[in-house]
Amino acid sequence: NAGVTQTPKFQVLKTGQSMTLQCAQDMNHNSMYWYRQDPGMGLRLIYYSASEGTTDKGEVPNGYNVSRLNKREFSLRLESAAPSQTSVYFCASSVQGGNSPLHFGNGTRLTVT
Amino acid sequence: SQQGEEDPQALSIQEGENATMNCSYKTSINNLQWYRQNSGRGLVHLILIRSNEREKHSGRLRVTLDTSKKSSSLLITASRAADTASYFCATVTSNSGYSTLTFGKGTMLLVSP
């Protein structure tokens, strides 16, 4: 039982390059989330998916796109990476929304040069 | 925008002592959750307290919620070196019928042997 799995663990991009961060959960959860964590800023919500087939913007969606591929998988895409997107990205899932605990992956550490 | 604000930002204690962290927030909430993050890892859920509850316990953890003061506290009793981590509160509010979590910036706890 792996919980929430994120790939890759580390990534270095040059400005303007694109990449997709992958996330999969095996807990049959309905809701999935992408957060970014920056020093001194806590976690900020980028996008979330309340259930399969739906996605919504969070607090900091600019520069990102998401796809809820199926119930298990929720990917985050950076179309044209910028240095300001250097961060640690966390994927999380929950049974349904914020009224149940979130289960987090171990993060992707992204550096954009 | 941050909803919850933890206080203090950093806390250093000796093993066996109690650690108290506080969280203040600004708007009405559905529930409030506390998470722990060990260095380099994802967040781990500790306790969820609903807006109609005043206190919850889980092992050595005690969480209180005062909705009139818009504040919560996390008490760790008889702390251990393994409790060294960052602790985050997350407030849950509903937006258009869906609830999401907003995290504070966290309290870094150092427990020395």
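Naming convention: chains lettered A, B, ... in sequence-line order (proteins, then strands); numbering from 1 in each chain. In what follows, every heavy atom counts, from backbone to side chain, and hydrogens, waters and symmetry copies are set aside.
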Examine whether an atom of L102(A) lies under 4.5 Å from a heavy atom of chain B, and if so say whether it belongs to the side chain, the backbone or both; otherwise answer neither. both

In terms of heavy-atom contacts, Y35(A) and L101(B) come closest through OH-O, 3.1 Å

Taking CD in Q9(B) as the centre, count heavy atoms belonging to other residues, nucleotides or ligands within less than 6.0 Å. Is the count above 12? no

Answer yes or no: are there more than 12 heavy-atom neighbours, outside R60(B) itself, under 6.0 Å from its atom CZ? yes

With a 4.5 angstrom heavy-atom cut-off, which part of Q6(A) approaches chain B: side chain, backbone, both or neither? neither

Would you say Y48(A) ends up clustered with V60(A) if hydrophobic residues are merged whenever their side chains have heavy atoms under 4.5 Å apart, either directly or through other cluster members? no

Please answer: with hydrophobic residues joined when any side-chain heavy atoms are less than 4.5 Å apart, are L32(B) and L46(B) in the same cluster? yes

OH (Y35(B)) and CG (L43(A)) are apart, to the nearest 0.5 Å, by 10.0 Å

Which one, A50(A), G107(A), S31(A), leads in non-hydrogen pairs under 4.5 Å with chain B? A50(A)

State yes or no: do I49(B) and W34(B) share one hydrophobic cluster built from I, L, V, M, F, W and Y residues joined by side-chain heavy-atom distances below 4.5 Å, directly or via other members? yes

Mind ranking G42(B), A90(B), G106(B) by heavy-atom pairs under 4.5 Å with chain A and telling me who comes out on top? G42(B)

Under a 3.5 Å distance rule, please check whether Q33(B) uses its side chain to pair with a backbone N or O of G98(A) as donor and acceptor. yes

Please flag which part of L43(B) lies under 4.5 Å from any non-hydrogen atom of chain A: side chain, backbone, both or neither. both

Around M108(B), counting heavy atoms of other residues, nucleotides and ligands shown, do more than 12 lie under 6.0 Å from its CE? no

Distance-minimising heavy-atom pair for R109(A) and R41(B): NH2-N, 4.0 Å

Kindly state each residue pair satisfying side chain to side chain donor-acceptor pair (under 3.5 Å) with at least one member in residues 90-99 of chain A, sequence neighbours excluded. H29(A)-S93(A), N30(A)-Q96(A), Y33(A)-S94(A), N99(A)-N31(B)

